[in-house]
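Notes to accompany the following structure.
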Amino acid sequence: MKEYNPKKIEEKWQKKWEKENTFKAVDPPASGSKKPKYYILVEFPYPSGDGLHVGHPRSYVGLDILARKKRKEGFNVLFPMGWDSFGLPTENYAIKTGIHPVVATKENIEVFKDQEKKLGLSFDWDREINTTDPSYYKWTQWIFIQLFKKGLAYKAKMPINWCTSCKIGLANEEVVNDVCERCGSKVVEKEKEQWMLKITEYADRLLKDLDKVDYPERVKAGQKEWIGRSEGAEIEFKIQDSDNSVLVFTTRSETIFGCTYLVLSPGHPLAKDVNPKTRAINPVNNKKIPVFVADYVLTEYGTGAIMAVPGHDQRDLDFAKEHSLPVIEVVKKDVLVDSGNFTGMKSEKAREEIIEWLSKKGRAKKTINYKLRDWIFSRQRYWGEPIPMVNCKKCGWLPVPEKDLPVELPKIKDYKPGKEGESALAKAKSWIGVDCPKCGFRAKRETDVMPNWAGSNWYFLRYCDPNNKKKLADPKKLEYWMPVDWYNGGMEHTTLHLLYSRFIFKFLWDIGVIPKPIGSEPYKKRTSHGMILGEGGIKMSKSKGNVINPNKIVEEYGADVLRVYEMFMGPFEQTIPWDVKGLKGAQRFLKKVWRLKDRVGNEIGDGRDLEKTVHQTIKKVTEDIESLKFNTAISSLMVLVNEMEKQKEISMNYYSVLLILLNPFAPHTTEELWEELCDDGLCWNSEWPKYNPKLVKEEKVSLIIQVNGKVRDKIETDIGLSEVKTKKIALSSDKMIKYIKGNKIKNIIFVKDRLINFVI
RNA sequence: GCCGAGGUGGUGGAAUGGUAUACACGAGGGACUUAAAAUCCCUUGGAGAUUUCUCCUUGCGGGUUCGAAUCCCGCCCUCGGCACCA
């Protein structure tokens, strides 16, 4: 082929890869194969009706590069893809158009899959999964039943966030500024029976085990923040002239002598009984203090009541000023003052001793509080996994027998939730009625479905054994593939999705579904890619009309150009604006590589310089891919190509190194060139080159000569020159003579092969 | 308000204590062409001298150091996350 024609090339290789199942991950025991496994996971997308966004390929291409490199290095790579396809947009679309979510989902998936295939991603498509497939959600339901059996799923009447428009209960994290995150309508409180998951039981382990994993510090910080562990004490304040008492939670019991009033949250059981004359008794000094009700104290956190210490807490101080309440300072320079027997004690010691003293009197106990709350797991919607539970008037809540799983979504015509907010499933009368699994009398199915998270909590396990009909996954396969070696996804999922899936994994590990040797953490390493913004740095959105469709780019420039551009545009973790012009640079680069083939000759023709650059490039690209520094990896490849352009003839040897290094980034172009020029094998599975450390080093260096830290001259020297010799050469130069003339050299700083600095 | 990330040419960025601005885009000039595209060559941080050269420059102000984009202190701004967490 004379001209670079990406369209033809890409179609050709994509067909071949599909036909030959090139990127299939081999399950154990692979006969004779001793390749170590490597499991690379990218967050699976929600197949929306909008199709792929240029943000998707950023993650997929980045990790595809890693996957392709690992294969070359001899790993048995698992790099799968699937669809997280339950969700509201599809349901809302169904309500609007009457098109069944199953149909819409199928269409959307076809579009997504086609778009992804056109990017040349090396997924093992044999392992494709879909959370809305009954053979998949059978196991999502099965996990729920196991949680129920262990007492970790329970029903509770909860004051929930109720969206007045969506007619759906929202979890706390789905409410933004008192409005529904999805539709922007007003959210009110409503009492509702909800299925809850006891994630709080795992709070400590979710926190502690962060030490075992390789996540970015900012991600760990997010997890810690969300769990919000704080050590403190519950202290009892008796209400005067009453049998009631108020428990408060505090992390700073050493400040109790400065407590001048109590505050209850509006939801506190005693809040109704509080009046301006109510007094509580401070257990350390028997002072009678007023009691208030205020909404700056949260019902759900701690005991729903606080001891207010305006001398040492800003919010208490604000409140005290507003109500002209006394402010007492009881800690000065970390030492207690005006605090009875504890005066003069260091605050850290006093904190412990005060609790101990009050504990002996039965008025306090040490406790640990978490911000983390149990997880509301019910949604009154249609397009989700039915919660596989049955309610019998006689026997109560019972799980559907496992042999009857999956509980499939019934076919209905109207997907709208009921007016009271009940799930649309409540309309499927014949589906609801079921025999009680225990007593056999007529009972009713649960009509709530699970939230979006349910399917994505454990999907990475199913990839290990996607077609297993008897088990969630074969333990042998899990033991081989798990844990995930490298997980990449969006920053927006680093708190909740990560926490929830870690919780479910730990639970499955506890009950023996996950083989013990794997350990109780699902992801060894987590990274996050940055968002791609529209041109000019504004978010891409339909309303702004600045959404870029990756397939248009593929049409015009080719997938390899898009891949190289997205990886070159800037640091992988960083948010970055899209720039059409940048595509041109990527295109020029690949064209240059293409044209270089005409200069490939035999073994002669390479200068020593090219040899050095080749080895330096191998080193740089090898290291940069491992740290996701794709932008600098590509720039070093550009340097190599620029250097090759200067040569009259390039050896096959060096050109093939270039092709292998570039292959993960531009798999189609390099494969085509490889086929044309190389006699043996394919580029994708050619061994990753190794560099010679001796050849990476420069033999000559440009040594900097400074005077008082300012660069005044440079000299070309051999490496390893001693201080004495360097000094001699440096001082003999005309420039230096000029600069130093008439001054006394006070000090000389010498850094070998880098610089010499004269301080005068 | 708190937590996290960041601020470097006209633009995206490189450099994590040692030549600031690699690589790329854009722009200007030139070659090829009837012309355009494509391709190639040169110039390109700013200011002043223009043959040698000098001074300034990494958000702002200090500090440490022979030497700071990089480390420390204070401030300003942008982006992301969380919302009274006792």
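Letters A, B, ... are given to chains in the order of the sequence lines, protein chains preceding strands, and every chain is numbered from 1.
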Open item on the list: Let's go through A:Glu254 and A:Leu336 carefully: what are the C-alpha distance in whole Å and the side-chain angles of both, what is the deciding distance for side-chain contact (heavy atoms from CB on, under 4.5 Å) to 0.1 Å, and is it a yes or a no?
Closed with: CA-CA 8 Å; A:Glu254 77 277 15; A:Leu336 270 67; 4.2 Å; yes

- [ ] Could you check A:Ile306 against A:Tyr301 for side-chain contact (heavy atoms from CB on, under 4.5 Å), going step by step and ending with a plain yes or no?
- [x] CA-CA 10 Å; A:Ile306 61 152; A:Tyr301 186 75; over 6 Å; no

Task: Stepwise side-chain hydrogen bond (donor to acceptor under 3.5 Å, both in side chains) check, A:Thr669 with A:Tyr4 - done: CA-CA 9 Å; A:Thr669 309; A:Tyr4 177 49; 2.8 Å; yes

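The side chain of A:Leu755 approaches B:G18 more closely than any other nucleotide in the set B:C66, B:A86, B:G18. Among the nucleotides B:G26, B:C84, B:G18, the one closest to the side chain of A:Ile749 is B:G18. Comparing B:C66, B:C25, B:C85 against the side chain of A:Arg588 picks out B:C25 as the nearest. Side-chain proximity of A:Tyr301 to the nucleotides B:G18, B:A86, B:A24 is greatest for B:A86.
When each of A:Lys591 and A:Gly582 is assigned the nucleotide of RNA chain B with its nearest heavy atom, A:Gly582 is the one assigned upstream, toward the 5' end. Between A:Tyr296 and A:Arg595, the residue anchored nearer the 5' end of RNA chain B, judged by the nucleotide with its closest heavy atom, is A:Arg595.
In this model, a side-chain donor or acceptor of A:Gln706 finds a partner on the base of B:G18 within 3.5 Å.
B:G9: no Watson-Crick or G-U partner with both key distances under 3.5 Å is found in any strand. Within the shown strands, nothing qualifies as a pairing partner of B:U34 under the Watson-Crick or G-U definition with both distances less than 3.5 Å. As the counterpart of B:U19, no nucleotide is assigned, since no Watson-Crick or G-U wobble pattern has both distances under 3.5 Å. Both distances falling under 3.5 Å, in either a Watson-Crick or a G-U wobble arrangement, occur for no nucleotide opposite B:G67. In this structure B:C60 sits in a base pair with B:G74, meeting the Watson-Crick or G-U test at under 3.5 Å. Base-pair partner of B:A27: B:U43 (Watson-Crick or G-U wobble, both distances under 3.5 Å). B:C82 is paired with B:G1 under the Watson-Crick or G-U wobble criterion, all donor-acceptor distances under 3.5 Å.
The residue A:Lys371 sits close to a base: some heavy atom pair falls under 4.0 Å. Using a 4.0 Å heavy-atom cutoff across all strands shown, A:Val309 reaches no nucleic acid atom at all. At the heavy-atom level, A:Val751 lies under 4.0 Å from base atoms of the strands shown. Among the protein residues, A:Glu234 comes within range of no part of the nucleic acid, since none of its heavy atoms lies under 4.0 Å from any strand. At the heavy-atom level, A:Asn642 lies under 4.0 Å from the strands shown only through sugar-phosphate atoms. Residue A:Met638 is classed as a sugar-phosphate contact, given heavy-atom separations below 4.0 Å to backbone atoms only. Among the heavy atoms of the strands lying under 4.0 Å from A:Asn757 is at least one base atom, whether or not backbone atoms are also near. Residue contacts shown for A:Lys592 are limited to sugar-phosphate atoms, with no base heavy atom under 4.0 Å away.
Anti is the glycosidic conformation of B:G62, whose angle departs from 0 by more than 90°.
When all heavy atoms of A:Ala305 and A:Leu264 are compared, the closest pair comes out as CB-CD2, 3.6 Å. The minimum heavy-atom distance linking A:Glu231 with A:Thr251 is given by the pair O-CG2, 3.4 Å.
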Polar atoms only, N or O, under 3.5 Å: list the protein pairs with nucleotides 5-15 of chain B and their distances.
residue: B:G12; atom: O2'; partner: A:Met569; partner atom: O; Å: 2.5
residue: B:G13; atom: OP1; partner: A:Gln574; partner atom: NE2; Å: 2.9
residue: B:A14; atom: OP1; partner: A:Asn631; partner atom: ND2; Å: 2.9

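Classification of the A:Phe342-A:Phe257 ring pair by plane angle, with boundaries at 30° and 60°, yields tilted. Aromatic ring pairs are classed by plane angle as parallel below 30°, tilted from 30° to 60° and perpendicular above 60°; the pair A:Phe319 and A:Tyr296 is tilted.
Put simply, CD on A:Glu322 is 17 Å from P on B:C84, counting in whole angstrom units.
Going from atom OG1 of A:Thr494 over to atom CD of A:Glu43 covers 8.5 Å, rounded to the nearest 0.5 Å.
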